[in-house]
Amino acid sequence: MAQNEDAMVLDPNQASLALRTGGSIPLVGFGTWQMQGDVAYQAVRHALDVGYRHVDTATVYDNEDEVGRALADSGVPRDQIFLTTKIPPQRRGRVDETIETSLQRLGTDYVDLWLIHWPRRSKDALSMWRDMIRVGEGKARALGVSNFDIRQIDELTADSGHVPAVDQIPWSPFHRDPNLAERLSRRGVVLEGYSPLRSSRLAHPVLGAIAGRHGVSPAQVVLRWHVQHGVVVIPKSARPERIAENFDLFGFMLADAEMAQLDAL
Ligand SMILES: NC(=O)c1ccc[n+]([C@@H]2O[C@H](COP(=O)([O-])OP(=O)(O)OC[C@H]3O[C@@H](n4cnc5c(N)ncnc54)[C@H](OP(=O)(O)O)[C@@H]3O)[C@@H](O)[C@H]2O)c1
């Protein structure tokens with residue numbers, strides 16, 4: 001079963017998915033959690049150099065300044081980059097101030113996607129979501145959530161009439177929930193998978209065998225599995241060779257039997 005398959009379109013350079021709110025999100029992005037200072041700056045610069053056009057950060061990652069500087073110094077035009085940041089739920093009541101700070105740090109006047117980082121009490125989530133909808137216009141091209149289950153998404157939607165464009169959740173062959181994927185897909189919510197490698201057992205023999213057959217690494221097999229399922233994936237690395245490897249996913253194709261083997265992990 002391919003999640004988000006209906007929405008999958010191919011760009012000249014890389015695959016992307018249409019968002020219900022308009023525009024599209026590149027299937028492969030660059031994660032920046034647990035990188036700060038020069039490590040974050042160099043990693044994002046390298047990611048943009050090797051072709052990533054989608055970068056994921058968050059207020060709590062404490063690296064929006066470095067991400068912003070890397071974007072500016074890369075020379076890649078702003079409109080060719082898909083930029084995500086996230087607001088922690090504790091900022092309820094300070095939504096305007098939080099987006100202004102993010103935009104200032106990132107050196108841009110809009111983000112492409114703005115997520116509630118994780119759910120808290122439902123009353124708080126509802127009021128934060130309403131504020132984000134009000135503020136979002138112009139400052140965030142799309143709004144979404146992270147770590148939300150279906151009940152929490154339906155609650156936001158029922159209260160505001162505004163369906164989140166994306167749910168960013170942990171996802172890998174070792175950590176997935178086909179039932180949730182199906183329900184997100186029915187609501188037109190794009191599934192964005194995080195911690196694809198961290199939540200995988202990269203030394204697993206099934207990954208090794210498939211990787212050997214294609215002449216790629218186990219990490220590339222995992223990331224290609226996301227792409228073929230139409231799941232957005234945002235691997236993080238601080239190492240130049242891995243940053244390049246994790247984006248080099250379009251020169252091989254997993255067979256249906258291999259996809260099934262990975263699904264069964
Ligand atoms: N919304 C949320 O709550 C949430 C939570 C977690 C993550 N995220 C987002 O998702 C992104 C990715 O998740 P993540 O950072 O948790 O984990 P990840 O991308 O699955 O894995 C990163 C780890 O794998 C290593 N690695 C990277 N490429 C590798 C390769 N080719 N072979 C072997 N090891 C490799 C990295 O080490 P090196 O750096 O040394 O290469 C790092 O230790 C985050 O950076 C963040 O943007 C969101």
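Atoms within a ligand are numbered from 1 in the order they appear, just like the ligands themselves. What you see below is based on every heavy atom in this structure, not just the backbone, and it leaves out hydrogens, waters and symmetry mates.
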- Message: Can you see whether Arg91 engages Thr59 through a side-chain donor-acceptor pair at a distance of less than 3.5 angstrom?
- Response: no
- Message: Quiz question: by atom type and distance under 3.5 Å, do the side chains of His54 and Asp112 form a donor-acceptor pair?
- Response: no
- Query: Other than Tyr61, what residues sit in its cluster of Ile, Leu, Val, Met, Phe, Trp and Tyr side chains whose heavy atoms are under 4.5 Å apart, directly or through others?
  - Reply: Trp33, Val60, Trp118
- Note on the structure: Residues at least two apart in sequence or cross-chain that pass ring-ring contact (aromatic ring centres under 6.0 Å, His included) with Phe148, listed by chain then number, are none
- Message: If we ignore hydrogens and angles and just use 3.5 Å, is the side chain of Thr84 paired with the main-chain N or O of Asp56 as donor and acceptor?
- Response: no
- Message: Tell me which pairs pass ring pair (Phe, Tyr, Trp, His ring centres under 6.0 Å) where either residue lies in residues 202-223, with sequence neighbours left out.
- Response: Phe174-His204, His214-Phe252
- Item | Neighbouring protein residues of ligand 1 - any heavy atom closer than 4.0 Å | Gly31, Thr32, Trp33, Asp56, Tyr61, Lys86, His117, Ser146, Asn147, Gln168, Tyr194, Ser195, Pro196, Leu197, Arg198, Leu202, Ala219, Ile234, Pro235, Lys236, Ser237, Ala238, Arg239, Arg242, Glu245, Asn246
